[in-house]
Amino acid sequence: MKRKLVIATAAAAMLIGGGTATAFATSADDTKPAPTTSTVTLEEAKTAAVKSTPGTVTGAELDDDEPVWEMDVFGKDTKWHDVDVDARTAKVVSAHTDDDDRDRAPRNTKVTMTEAAAAALKAQPGTLTSIDLDDDEGSHAWEAEIHGKDGKQHELNVDAATAKVTADQDDADDDNDSD
């Protein structure tokens, strides 16, 4: 979910004896506009999604363009479902079976999505914009994205067994590459 943001700003200044127009563009990998306003908490969105589609929520993302929580649910029917929950009313606005190739059930975790979100926000205050269970082989962690109070986008990993929070190594490598 890496997005490059290019901000173009034009400024004009009148100087004695003439005028000069200056334009510049900057690129910042770690900045992102403030997330969509949501009055519905992650827990409220998760509750609505599971009420609509019984199962286990393994991912949630606050959409940048629309005020919805996009939830990934592994249903009791052993199928994956995409459930969209209005981020202002907590009403399910869309639910359908996902044709994704993730056909296996997610592993159980000691740390719930709610606990992982709280741990990530404690480590990096801001607004949670995404959390997803990564239980690929060799990895078993919640991946969280937070729009920090510093205006930057932070990617964190929360261990699914211990709730220990670490910076996403891929994100840290990207920061080092830009130096």
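All residue numbers refer to positions in the sequence shown, counting from 1. Bear in mind that the values here come from a model prediction, so they are computed numbers and not experimental data.
Heavy-atom minimum distance, A144 versus A120: CB-CB, 3.8 Å. Residues A123 and V165 approach most closely at CB-CG1, 3.7 Å, considering heavy atoms. Taking every heavy atom of both residues into account, T53 and A95 meet most closely at OG1-CB, 4.2 Å. The nearest pair of heavy atoms linking T58 to W80 is OG1-CZ3, 3.2 Å. Across all non-hydrogen atoms, the minimal contact from A141 to N157 is CB-CB, 4.5 Å. Of all the heavy atoms in A116 and V158, the pair that sits closest is O-CG2, 3.7 Å.
For the side-chain hydrogen bond (donor to acceptor under 3.5 Å, both in side chains) with D150, the lone residue among H154, K152, Q153 that qualifies is H154.
At distances below 3.5 Å, not a single donor-acceptor pair connects side-chain atoms of S130 with backbone N or O atoms of E145. Proximity of a side-chain donor or acceptor of W69 to a complementary backbone N or O of A49 within less than 3.5 Å is not detected. Side-chain atoms of S52 never come within 3.5 Å of backbone atoms of A48 as a donor-acceptor pair (strictly under, hydrogens ignored). A donor-acceptor pair under 3.5 Å is formed between the side chain of T39 and the backbone N or O of R88.
Between D159 atom CG and K110 atom NZ the span is 9.5 Å, to the nearest 0.5 Å. Distance CZ/R107 to OG1/T56: 14.5 Å, rounded to 0.5 Å. From L128, atom CG reaches atom CD of E61 across 10.0 Å, with rounding to the nearest 0.5 Å. Atom CG of residue D132 and atom CH2 of residue W142 lie 8.0 Å apart, to the nearest 0.5 angstrom. Distance check: T129 OG1 to I146 CD1 gives 8.0 Å after rounding to the nearest 0.5 Å. D86 CG to K91 NZ: the interatomic distance, rounded to the nearest 0.5 Å, is 8.5 Å.
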* Asked: Going through the distances and angles, do E155 and E143 end up as a side-chain contact (heavy atoms from CB on, under 4.5 Å)?
  -> CA-CA 7 Å; E155 296 181 15; E143 296 175 343; over 6 Å; no
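Taking the side chain as every heavy atom from C-beta outward, D72 and D82 approach each other to under 4.5 Å.
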